[in-house]
Amino acid sequence: MAVDRLKQDQYIRNRVLLMHVKCGMMLDARKLFEEMPDRNIVSWNTILAGLVDSGEYREAFGLFLPMWEEYPEGDTRLFATMIRASAGVGLISVGKQLHTCALKIGVGEDIFVSCTLIDMYCKCGSIEDAQLVFDDMPEKTTVGWNSIIAGYALHGYTEEALSMYYEMRDSGAVMDHFTLSIVVRICTRLASRKHAKEAHAVLIRRGFGRDVVASTALVDFYSKWGRIEDARHVFDGMPTKNVISWNALIHGYGNHGRGEEAVEIFVQMIRRGMSPNHVSFLGVLAACSRSGLSEHGWEIFQSMSRDHKVKPRAMHYACMIELLGRQGLLDEAFALIRSAPFKPTLNMWAALLTACRVHQNFELGKLAAEKLYGMEPEKLSNYIVLLNIYNSSGNIKEAAEVVQALRKKGLMMRPACTWIDVNQSSHCFLSGNKSHAQAKEIFQKVDELMAEIRRLGYVPSQEKHLLHDVDEREAQFPFYHSEKLAVAFGLLNTADWTPLEMVQSHRMCNDCHNAMKLITMVSRREVSVRDGSRFHHMKDGNCSCGDYW
DNA sequence: ATAGTCACGT
């Protein structure tokens, strides 16, 4: 009788512990755990999982050995949790050791352990080890597939990730809302709408249309692929929305140059009682800057810490610097940099540099560029920014020196590339590259287009662009930049009036931007170009970016 | 009774 009572108490104490853990009340949870007279394996696992969930990895590792001493036969839950902790700290050596131990004591084959191992190896950078674990799984479970697919996507192996998804589908494995969320994210990074539409259809058919995460992924997808109305439609149909959903839509409107709507959504979000986070502010401030809504921008910037307890970070400052920069208020922008309550960051200098590039202020621009160069000489993007200003100001000698320095450090520069979706398949173009089957026609078409737009007053730039082509000398001039090849290819292979949609790895150069706008006039086509951070919707000779990018 | 995989920004 008394034993039953004790057991019952232990059960209740574990439930109370779990409740605290699930509510994130880790201080109380730890206290409860330490004061427990009768800890069992469940108590240990509960507290450990809680610590890992809240990112307290050090504390979790501190409990690992004491627990193992108490239960030397090992436990699958314990190992799954600790492997998750090593993914959290990003230490593959720790994860490997746990993997070895798990195998030794015979819990390494467990499905949960295998799945966390796959995830851990992916997050720690070894997709090969993850693949080995996956291959060894006697039965490929849904979570196993999800983890390996997400891993490939995480590492930028987008095509591989997509083909693994189809492999999963064909294997008869059950797909869940996790799978489809991952696939939508993969589609977001691919130059094809076909797969995403299919994923969207599967999602609805399988009854995951109401899932917050999958729907948010769709909102992001449609907005990144130029279908902001579709994004809005998905968003409006979501029964529950969280901060991330709102943020996706705010960023979507901002990226489409529709600042008023971004602000409207932002205001609505607050009205509905949702607390904006730093990502929300990033989106709405960037939107204000791009649409020239400087008053809204300043008001929101000031409301951050005043009303919402969100401290402006460097990127928020960078947005405001951009906002000033667009208005040509370069000195004010410089003053804002100096007034920041922290050391100015790269992004802030980069924003100033862009403003200087557009407004042709090379003096301040050079200062910004040198700041950047000095701050993180090992970082590739700094060289690119510096290269940009040298390219833009025609300083080919300095640009070449930057490229030299870059090579010396062994930093790899990826060639500029543009994808275009034509007749449901995606084509990739590299600047100056003649390997495409239609290369001859394409180059000819570019020449024709250039001649046509010259009549509209286009003057080809004489600048050289080392960013585009480090190795191919003949393509150093911007005539055959990847975006020009892609647009020529699109015009050749689609019916009149078909809008052209392209994605590229890099920011368009001035010359391409100019040429592209004029091409929309001579060809009577709409062209949209997306780079890493914005859309250019071009029509009748104008661009949605307002010539500032 | 306790465990694993997903979505927004840089």
Side-chain angles (χ1 to χ4, degrees), chain A residues 7-8 10-19 21-22 39-50 52-53 75-85 87 107 110-120 122-123 130 134 141-151 153-154 175-186 188 203 208 211-221 223-224 231 234-235 238 241-252 254-255 276-286 313-316 318-319 345-348 350 381 532-533:
Chain A
K7 280 258 181 235
Q8 210 175 20
Q10 184 185 47
Y11 171 84
I12 288 169
R13 266 191 284 273
N14 279 341
R15 294 298 298 215
V16 172
L17 178 66
L18 179 66
M19 187 193 78
V21 160
K22 289 288 175 204
R39 292 187 286 231
N40 66 3
I41 198 160
V42 177
S43 335
W44 282 93
N45 280 326
T46 304
I47 191 78
L48 270 171
V52 176
D53 281 343
D75 178 71
T76 56
R77 286 182 175 81
L78 167 64
F79 277 85
T81 304
M82 294 319 296
I83 290 161
R84 197 152 61 88
V107 299
D110 177 77
I111 285 178
F112 282 88
V113 173
S114 299
C115 291
T116 35
L117 278 170
I118 293 170
D119 184 57
M120 179 276 294
C122 289
K123 289 190 174 138
F134 182 73
T141 61
T142 302
V143 181
W145 279 107
N146 290 349
S147 307
I148 192 82
I149 294 172
L154 179 75
M175 294 188 280
D176 61 5
H177 61 290
F178 280 83
T179 321
L180 291 159
S181 305
I182 300 162
V183 172
V184 173
R185 174 132 153 75
I186 290 168
T188 304
L203 215 136
F208 302 126
D211 181 73
V212 195
V213 177
S215 301
T216 301
L218 278 172
V219 170
D220 184 47
F221 168 80
S223 88
K224 288 217 172 86
V234 173
F235 181 84
M238 289 169 70
K241 305 169 174 88
N242 59 21
V243 193
I244 299 181
S245 327
W246 288 93
N247 291 352
L249 193 66
I250 291 170
H251 278 272
N255 288 334
N277 63 15
H278 68 106
V279 180
S280 324
F281 283 106
L282 211 54
V284 73
L285 290 178
R313 303 185 184 184
M315 279 308 291
H316 302 109
C319 286
T345 64
L346 285 158
N347 298 310
M348 291 160 70
S381 63
S533 49

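Here is how names work: the chains are called A, B, and so on, in the same order as the sequence lines, proteins then strands, and each is numbered from 1.
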Using a 4.0 Å heavy-atom cut-off across all strands, classify A:T216 as base, sugar-phosphate, or nothing.
base

Under 3.5 Å, is there a donor-acceptor pair between the side chain of A:T116 and the main chain of A:V113?
yes

Applying side chain to side chain contact (heavy atoms under 4.5 Å, CB included), can you list everything that pairs with A:R313, at least two apart in sequence or on another chain?
A:H278, A:H316

Describe the nucleic acid contact of A:N14 in one word from base, sugar-phosphate, nothing, applying a heavy-atom distance below 4.0 Å.
base

What range of DNA chain B does chain A touch, first nucleotide to last, counting atoms under 4.0 Å from its heavy atoms?
B:dA1 to B:dT10

Side chain to side chain, A:S223 and A:N255, heavy atoms closer than 4.5 Å:
no

When we call it a touch if two heavy atoms are under 4.0 Å apart, what does A:L117 touch: a base, just sugar-phosphate, or nothing?
nothing

At under 4.0 Å between heavy atoms, what does A:K224 touch on the DNA or RNA strands: base, sugar-phosphate, or nothing?
sugar-phosphate

Within the 4.0 Å heavy-atom criterion, would you say A:N242 contacts the bases, only the backbone, or no part of the nucleic acid?
base

Heavy-atom check, side chain of A:M175 versus side chain of A:V183, under 4.5 Å:
no

A:R185: salt bridge (Lys or Arg N to Asp or Glu O under 4.0 Å) partners, not counting sequence neighbours
none

Applying a 4.0 Å non-hydrogen cut-off, can you work out what A:S245 is touching in the nucleic acid: base, sugar-phosphate, or nothing?
nothing

With sugar-phosphate meaning primed atoms plus P, OP1 and OP2, does A:D75 contact a base, only sugar-phosphate, or nothing at under 4.0 Å between heavy atoms?
nothing

Counting the atoms with a prime plus P, OP1 and OP2 as sugar-phosphate, which does A:S215 contact under 4.0 Å by heavy atoms, base, sugar-phosphate, or nothing?
nothing

So A:V213 and A:H177, do their side chains get closer than 4.5 Å, heavy atoms only?
no

